[in-house]
Amino acid sequence: MEPIVAVSHLRKNFGQVQAVSDVSFAVYPGEIFGLLGPNGAGKTTTIRMMLDIFRPDGGEVTIFGGAMSEGKKSRLGYLPEERGLYKNVKLEPALLYLARLKGLRKAEAQHRLTQWLHRFELFEHRQKKIKALSHGMQQKAQLIAALIHEPDLLVIDEPFAGLDPVNTRLVKEIIKEQRAAGRAIIMSTHQLHQVEALCSRIALINDGRTVLYGEINDIKRQFAGNAVEVVGEGEFGDLEGVRSARRIDGAWHLYLDEHTRPRDLLRQIAQRDELHVQRFEVSYPSLDDIFISVVSQQETAHA
Amino acid sequence: MPEIKALTLVARYEYMLRVKSKSFLGVTFGLPLLYLLIFGIIMLYTGSVMYAQIGYVDQAHLFPATPQMPPLFADFPQPQAFPDVASGRQALEEGTITALYVLPPDYWQGGTVIAYKGNKHAIASDFFADFIRVNLVSSVDDANARARLLDGPHYVSEVQGTDQAMGGIHTVRMVIALIAGGMFYLLLTLSGTYLLQAVSNEKENRTLEMIITAISTRALILGKMVGLIVLSLTQLAIWGAAILVGGIYVLTSPAFPIPITLEPSLIPWRELGLLTAFFLPTFLLVASLMVALGGIANDQRQGQQYSGIFTMLFFIPLYFIAQLIAEPNGLLAIGLTLFPCTSLSTLMIRRAIGVVPPWQIWLSWGLLTGTALAVALVTPRIFRWGMLRTGQGLSLKKLRLALLGQGGRHA
């Protein structure tokens, strides 16, 4: 299957600052792809290069089978990191204008907008100026602007920011619907549990380069050997070879360094009388754990 | 989406957004109404002064039994003659007249007139001077001689080395051209201000990323330019209509120094053509500068501060207007004609008072157009770079990087 978008060895400098040094990934129709990374890792710059907002210094972007063109822009939906709508304009005309810029005819734009406004419970507020809307409402309005023209590629940066649990659930439903309709979605967020719930594949960018890329399950398996879950009595966090430890619901989640295997840890525990084990199992780490592990490992390496 | 369609959408949106805004309606209709109000108050006041009755005592026996009224003051009440100063002063004290003029017996020797004035005497002396003049020349038999005595000469200056002449109907054309030039300048200022506001708003609202993933930067900028120049034209059309009505009234008034009838030959096509030829690149230059400044500035206030510096450049000829009039072909005049920011207004001033050699016009237009195109070419790059760096300070180093294409992609 041809990818909707593929970026290959992207590189971008701003003066002396290297924002992106080597980022590659591909996103296919009908998938939700997670673009992850700590603050300042180069995610937004990568997205901007992908969408032709910035020109890369090196590497290549292929979108809808070729280079970006004006004609392809109507197939893109974008919820940028820097949220922005015309604050002094009423909600409905502002969204109609944005929909029309995406190539929708007036009647069609109006029809679809009415449906979306109802769905996001913004219909009653359509004649209010945007600045009079709450942060969450503005967030939903911006999502409408990204979705209304039914784009083949939807790029959403922190789609759940500012939303309450009810609206978060609604947005998740909508994202799933978009996937079911065969669209490609690139989601950048720090809410990794949402990534786990929605995405099939991810790319983790750190320090301007792709450090993890692939199926979430494969990545978890790849990191599984380095984490164990222990239920028992005693202080398990200070065992040799444990890089970090967290207690969740009474269980110890221990993340091991690359030289320590689970059986080495089990051997240590057996030798210490003060530790009593009720359960010991090799665990699949959460994305959260993997994220922290990879990023902190790189930070240590840099230090 | 085709670029022209995107441009049209942006232009229409910008126009409709602002034309319905309270601030636009307030300025567009409020300003003429305010002027009308002020003018009305002044007219009411001066009218009451102008139409006040004056009196005179003619001890020099200058006036005939039925004195003639000066044409400029034909609507004034006929001055009242008093047999002696005492009765005149009594009328002045009683308020039946507002000023009393006494022509003493030795008026013919020295021309001295003694004036007794009440509270309202604003232009009574001008009127009485004309009143004396008209009745003095009435004894001259030759009508032409009378007219020449009253009107004075009409100067027509032949300009050395050209087929152009100054004065007479040419002056009227130049007045019309100057008014048109003023309107063009106003259009430049208005469009520039609106454009700066529109771009600053785009930045303050942080909408650029969304917009340029829908349409090209060029379509966005050009759309804004088109929409806002049409907006400025709307405003000018409303103001211009008022000026036109007033202008026609003044030009065709019998009181106008050069009696004329309005006809197509009065329209200074050559001047208007020249103005248009210079206006278009000047507008492109101003608009591009405003877009770039709006992109660089963090907010509207900062944008206005930056634009103030550039606006001053465009108004330099007005600061040196005395020197330009004194030496319309001097070094300063030539320099300002060739400098792109000042060429339009300098040319207007120089053409109004003399002749500008064609080579200067062509060179000036070439320099202006070249500069405008160069600025317009780099503007989208600065605009995109500036728009994506909200809240950051401006540095020349960063600006240089943007111009070299290292800060963002151009359209």
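In what follows, every chain begins at residue 1, and chains take the letters A, B, ... in the order their sequences are listed. Because only heavy atoms are used, hydrogens play no part in the values below, and waters and symmetry mates are left out as well, while side chains stay in.
- Residues R48(A) and E209(B) are paired through a salt bridge, judged by an N-O separation under 4.0 Å between the basic side chain and the carboxylate.
- By the 4.0 Å N-to-carboxylate-O rule, E31(A) lies too far from R179(A) to be salt-bridged with it.
- Side-chain contact check for N167(A) and K140(A): at least one donor-acceptor pair (N or O, by modelled atom type) lies under 3.5 Å.
- Checked for salt-bridge contact, E60(A) and R55(A) miss the test: no charged N lies under 4.0 Å from a carboxylate O.
- In this structure, chain B has no heavy atom under 4.5 Å from any part of I130(A).
- For a residue to count as touching a neighbouring chain, one of its non-hydrogen atoms must lie under 4.5 Å from one of that chain's; by this rule A146(A) does not touch chain B.
- Using a 4.5 Å cut-off between heavy atoms, L17(B) contacts chain A through its side chain alone, with no backbone atom that close.
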